[in-house]
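This chain uses plain numbering: 1 for the first residue, then up along the sequence.
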Amino acid sequence: MATDCAKSLLYKEYGDPIAVLQVTTQTIDQLASDEVSVKWLLSPVNPADINTIQGKYPSRPALPAVPGNEGVGEIVAVGSNVQNLCVGDKVVPNGPNFGTWRTQANYNFKDVSKIPSYLSLVEASMLNVNPCTAYRMLKDFVPLKPGDSVIQNGGNSAVGQLVIQLCKLWNYKSVNIIRNRPEIKELKDQLAALGADEVLTEEELRTTQLFKSGKLPAPKLALNCISGQNALEVSRHLAHSGVMVTYGGMSREPLTIPVASLIFKNHSFKGFWMTAWTKENTESKERVNMFNDLALYYKEKKLQTPLHKLVPFNEYQEAIASATKFDGRTGVKYILDMTKS
């Protein structure tokens, strides 16, 4: 029995997001006993969302589909058998391909997670992907100690900004590589204010004596979201037996690994995909601890969200177009404001 209507962005085929996305209206059915009705408030636009719509991502929902992997919503109704969730609670998705680019929908209560009330809507909307990616890559690949160095490219990306802050919190030294641009000093100052120990352009990385001089120890961990020549230059500075973790390929170029890195430096090259980790750890203690840590950091103002811009849902084309043209220089996360539909 239909009781209400909701708007959503829908795509029926893969392709250019601007071309294939369309605003549609659906009816919201009466709640089942084990369901909650969620009114979505904010939903970020991530590169993975764009790649999924384009059909270039390994995680493909059945078509037609509503995009959106993360967001924050408010429960507006609960089924008779739902426990531990109430009207007014703020929730986030409990898994990938959730379809958050819509104003409202019904879900099994196990598919959403309640979040602390002290988190802001922006903090909550971006909780599932970028902070968790930064957290897991710093925790899971190398047993880092205070004073150890971490090097990353994409230092001004959303994940990059969170890596900087977590390194500062955990007393690691972060070396952050960014692309050159006219306002380079302003960007370096911005990242330094977040806690970056060093910020280098790609050109500066090629000639730096930062590690050879002993100013900082050679990095045990490198984080790569660019690949191509950029990642090759980063890997040259890894300490013996260091690890490079690749979680993106924004250059759309392959990752090149020199033979000497494997034979003489014993470097390891691994990959990380937050979606896979979440699927494997949906109900794990590690996931609960991670969310508790991140929420506490936000509460204590030790962590701040990456630079972002809210875009009304009815002006979604701006956010989609900007995300599609992302060139590594913007450093701004676009968030759909679903309340302005």
Can a donor-acceptor pair be found between the side chains of [X] and [Y] at a distance below 3.5 Å?
X: Gln229; Y: Glu233; value: yes
X: Lys145; Y: Asn171; value: no
X: Ser37; Y: Gln104; value: yes
X: Gln26; Y: Thr24; value: yes
X: Asp111; Y: Asn94; value: no
X: Asn108; Y: Asp34; value: yes
X: Thr201; Y: Asn180; value: no

Mind checking the [atom1]-[atom2] spacing from [X] to [Y]? Nearest 0.5 Å is all I need.
X: Asp293; Y: Leu303; atom1: CG; atom2: CG; result: 10.5 Å
X: Leu194; Y: Gln165; atom1: CG; atom2: CD; result: 5.0 Å
X: Ile178; Y: Asn230; atom1: CD1; atom2: CG; result: 11.0 Å
X: Ile226; Y: Ser157; atom1: CD1; atom2: OG; result: 7.0 Å
X: Arg287; Y: Ser113; atom1: CZ; atom2: OG; result: 5.5 Å
X: Ile263; Y: Lys265; atom1: CD1; atom2: NZ; result: 12.5 Å

(request) With sequence neighbours left out, write down each residue that passes salt bridge (Lys or Arg N to Asp or Glu O under 4.0 Å) with Lys188, or none if nothing qualifies. (result) Glu204
(request) Establish, yes or no, whether the cationic atom of Arg60 lies under 6.0 Å from the six-membered ring centre of Tyr14 and within 45° of the ring axis. (result) yes
(request) Sequence neighbours left out, what passes ring-ring contact (aromatic ring centres under 6.0 Å, His included) with Tyr135? Give chain and number order. (result) Trp170
Output yes when a side-chain donor or acceptor of [X] lies under 3.5 Å from a complementary backbone atom of [Y], and no otherwise.
X: Ser125; Y: Val122; value: yes
X: Ser261; Y: Ile257; value: no
X: Glu35; Y: Asn106; value: no

(message) Centroid separation under 6.0 Å, is that true for the rings of Trp273 and Tyr57?
(response) yes
(request) Could you walk me through whether Thr246 and Ser227 pass side-chain contact (heavy atoms from CB on, under 4.5 Å), step by step? (result) CA-CA 8 Å; Thr246 294; Ser227 296; 4.0 Å; yes
(message) Count I, L, V, M, F, W, Y as connected when their side-chain heavy atoms are under 4.5 Å apart, and connections chain through other members. Are Met126 and Val72 then in the same cluster?
(response) yes
(message) Evaluate Lys90 against Leu121 for side-chain contact (heavy atoms from CB on, under 4.5 Å), listing each step before the verdict.
(response) CA-CA 9 Å; Lys90 300 297 190 300; Leu121 292 182; 4.0 Å; yes
(request) Start with the C-alpha distance between Tyr334 and Glu318, add both sets of side-chain angles, then the distance that settles side-chain contact (heavy atoms from CB on, under 4.5 Å), and finish with yes or no. (result) CA-CA 9 Å; Tyr334 287 84; Glu318 176 190 347; 4.2 Å; yes
(request) Measure the shortest side-chain to side-chain distance between Pro219 and Phe211 over non-hydrogen atoms and say whether it is less than 4.5 angstrom. (result) yes
(request) Go through Lys139 and Glu286 one step at a time and tell me if the salt bridge (charged side-chain N to carboxylate O under 4.0 Å, His left out) criterion holds. (result) CA-CA 11 Å; Lys139 286 278 190 183; Glu286 287 80 3; over 6 Å; no
